[in-house]
Undergrad: 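My structure is below; once you've seen it, I'll send some questions.
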Amino acid sequence: NYTAAVVLFDALAKNDDPDAQYNLALLLKKGLGHPSNYPLALQWAWLAQLSGITKAIELSEELISIVPDKSQEIVRSNVLKILQERMDSSDSDVILQKAQFHLSVVVEPDYISAYALRSLAAAVGLSGAIELRDEIEGELAPEDLMVSQEQAASLFSNFEWKVMEE
């Protein structure tokens, strides 16, 4: 029952379940249980991709080839809004996802924002964040690195982050 699946996956996807986000994207692309909606499918595919669902990368690429640029910008804005709402609620799980958004979903990579977010993730003790931060440090000019570090410090002090203990 594809209609029931869409309803179920939609509820789970809105609660940040990456597998549900991917499954919902697939159903919306194929028009199963709901009329096809490529922009909405792209939104959920990108969110699943940012959560580490690797098969969502291929789905996102297929949808990008179908969805016009103007619609893609609207979807990017929606994805960023969803990620920002999670950041605003001090959800540390979203930090690395938002960093990856600035590298792989935007048209041109934003290394300043990505580095700031990966630095924040390292500061709150997210697993693998130090390596991810260090991997893009070379992409930044020294002046941009200072700007990025200031952004990270501001993000760290402006939210109530749960610091992970190693």
Side-chain angles (χ1 to χ4, degrees), residues 1-111 113-118 120-122 124-129 132-133 136 151-152 155-156 158-164:
N1 184 339
Y2 291 116
T3 303
V6 167
V7 170
L8 176 64
F9 289 141
D10 183 67
L12 293 170
K14 288 176 179 170
N15 281 314
D16 310 315
D17 181 310
D19 292 314
Q21 292 169 342
Y22 173 78
N23 290 329
L24 182 58
L26 203 53
L27 291 173
L28 289 169
K29 178 183 181 277
K30 293 182 177 189
L32 298 171
H34 187 281
S36 291
N37 185 327
Y38 295 155
L40 190 54
L42 180 58
Q43 172 187 304
W44 292 118
W46 270 337
L47 286 165
Q49 176 183 332
L50 294 172
S51 294
I53 305 296
T54 55
K55 58 188 173 184
I57 296 169
E58 184 178 329
L59 180 58
S60 297
E61 290 170 356
E62 288 174 27
L63 290 161
I64 287 169
S65 71
I66 301 168
V67 176
D69 291 347
K70 186 174 180 179
S71 295
Q72 287 181 39
E73 281 308 308
I74 293 167
V75 174
R76 280 185 187 92
S77 177
N78 291 341
V79 169
L80 185 58
K81 180 181 176 205
I82 290 166
L83 297 173
Q84 187 59 51
E85 286 171 356
R86 289 179 60 201
M87 285 278 297
D88 291 344
S89 69
S90 299
D91 178 356
S92 60
D93 292 335
V94 76
I95 299 170
L96 290 174
Q97 293 171 24
K98 191 171 178 196
Q100 192 59 35
F101 172 89
H102 289 292
L103 296 175
S104 63
V105 174
V106 295
V107 176
E108 290 292 323
D110 176 358
Y111 290 104
S113 296
Y115 183 89
L117 288 159
R118 286 180 172 185
L120 172 62
V124 299
L126 294 181
S127 178
L132 289 170
R133 178 202 59 205
I136 63 169
Q151 285 180 7
L155 288 169
F156 186 78
N158 289 337
F159 293 95
E160 297 273 332
W161 301 107
K162 178 180 161 194
V163 178
M164 310 294 179

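All residue numbers refer to positions in the sequence shown, counting from 1. Because the structure is predicted, anything quoted here is derived from the model rather than measured.
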Undergrad: Scan for side-chain hydrogen bond (donor to acceptor under 3.5 Å, both in side chains) pairs involving residues 79-91, sequence neighbours excluded, and state none if there are none.
TA: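 Only D16-R86, Q84-D88, Q84-K98, R86-D91, R86-Q97 qualify under side-chain hydrogen bond (donor to acceptor under 3.5 Å, both in side chains).
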Undergrad: What's the spacing between M87 CE and L120 CG if we round to 0.5 Å?
TA: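 Nearest 0.5 Å value for the CE-CG distance: 5.5 Å.
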Undergrad: About how many Å separate NZ of K55 and CG of L26, when rounded to the nearest 0.5 Å?
TA: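 Nearest 0.5 Å value for the CG-NZ distance: 8.5 Å.
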Undergrad: Show which side-chain atoms of residues 2-15 pair as donor or acceptor with protein atoms under 3.5 Å away, not counting sequence neighbours.
TA:
unit_1: D10; atom_1: OD2; unit_2: K14; atom_2: NZ; d: 3.0
unit_1: N15; atom_1: ND2; unit_2: A11; atom_2: O; d: 3.3

Undergrad: For I74, check side chain to side chain contact (heavy atoms under 4.5 Å, CB included) against everything at least two apart and list the hits.
TA: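 For I74 the side chain to side chain contact (heavy atoms under 4.5 Å, CB included) partners, ignoring immediate neighbours, are N78.
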Undergrad: Does the side chain of L63 reach to within under 4.5 Å of the side chain of V75, using non-hydrogen atoms?
TA: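 Of all side-chain heavy-atom pairs linking V75 with L63, none is under 4.5 Å.
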Undergrad: Would you call L59 and I53 a side-chain contact if the rule is heavy atoms closer than 4.5 Å?
TA: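 Answer no - side chains too far apart.
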Undergrad: State, with a plain yes or no, whether a side-chain heavy atom of S51 is found less than 4.5 Å away from one of D93.
TA: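 Contact flag for S51/D93 side chains = no.
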Undergrad: Return the set of residues passing side chain to side chain donor-acceptor pair (under 3.5 Å) with S71 (not counting sequence neighbours), or none when no residue passes.
TA: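 Not a single residue meets the side chain to side chain donor-acceptor pair (under 3.5 Å) criterion with S71.
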Undergrad: What salt bridge (charged side-chain N to carboxylate O under 4.0 Å, His left out) pairs are there with at least one residue in residues 34-49, not counting sequence neighbours?
TA: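 Listed once each, the pairs would be none.
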Undergrad: If you define the side chain from C-beta out and look only at heavy atoms, does anything of Q151 sit under 4.5 Å from L117?
TA: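 Not touching, per the 4.5 Å side-chain cut-off.
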Undergrad: By side chain to side chain donor-acceptor pair (under 3.5 Å), which residues pair with N158, not counting sequence neighbours?
TA: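 Partners of N158 by the side chain to side chain donor-acceptor pair (under 3.5 Å) criterion, ordered by chain and then number, come out as S154.
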Undergrad: About how many Å separate CG of L32 and CG of N1, when rounded to the nearest 0.5 Å?
TA: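 With rounding to 0.5 Å, CG (N1) is 11.5 Å from CG (L32).
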Undergrad: Using the test side chain to side chain contact (heavy atoms under 4.5 Å, CB included), find all partners of A121 that sit at least two apart in sequence or belong to another chain.
TA: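 Side chain to side chain contact (heavy atoms under 4.5 Å, CB included) check on A121 returns I95, L96, L126, A129.
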Undergrad: Within this structure, what is the CG-CG distance for the pair D19 and L24, rounded to the nearest 0.5 Å?
TA: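 One finds 12.5 Å between CG of D19 and CG of L24.
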Undergrad: Report, one line per pair, each donor and acceptor closer than 3.5 Å where one atom sits in a side chain of residues 37-49; sequence neighbours left out.
TA:
unit_1: N37; atom_1: OD1; unit_2: L40; atom_2: N; d: 3.0
unit_1: Q49; atom_1: OE1; unit_2: S60; atom_2: OG; d: 2.9

Undergrad: Of all the heavy-atom pairs spanning I136 and Y115, show the shortest one and how long it is.
TA: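 So the minimum-distance heavy-atom pair works out to CD1-N, 3.6 Å.
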Undergrad: Please name all residues satisfying side chain to side chain contact (heavy atoms under 4.5 Å, CB included) with E61, sequence neighbours left out, ordered by chain then number.
TA: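 In terms of side chain to side chain contact (heavy atoms under 4.5 Å, CB included), with neighbours along the sequence ignored, E61 is linked to I57.
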Undergrad: Can you name the closest pair of heavy atoms from R118 and Q100 and give their distance?
TA: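 Answer, listing the atom of R118 first, then Q100: NH2-OE1, 3.1 Å.
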Undergrad: What residues form a side chain to side chain contact (heavy atoms under 4.5 Å, CB included) with E58, not counting sequence neighbours?
TA: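 Listed in chain order: E62.
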Undergrad: Check side chain to side chain donor-acceptor pair (under 3.5 Å) between Y22 and all other residues, then give those that pass, not counting sequence neighbours.
TA: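 Counting only residues at least two positions away or on another chain, Y22 forms no side chain to side chain donor-acceptor pair (under 3.5 Å).
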Undergrad: With sequence neighbours left out, what residues match Q72 under side chain to side chain donor-acceptor pair (under 3.5 Å)?
TA: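 Q72 satisfies side chain to side chain donor-acceptor pair (under 3.5 Å) with R76 once adjacent residues are dropped.
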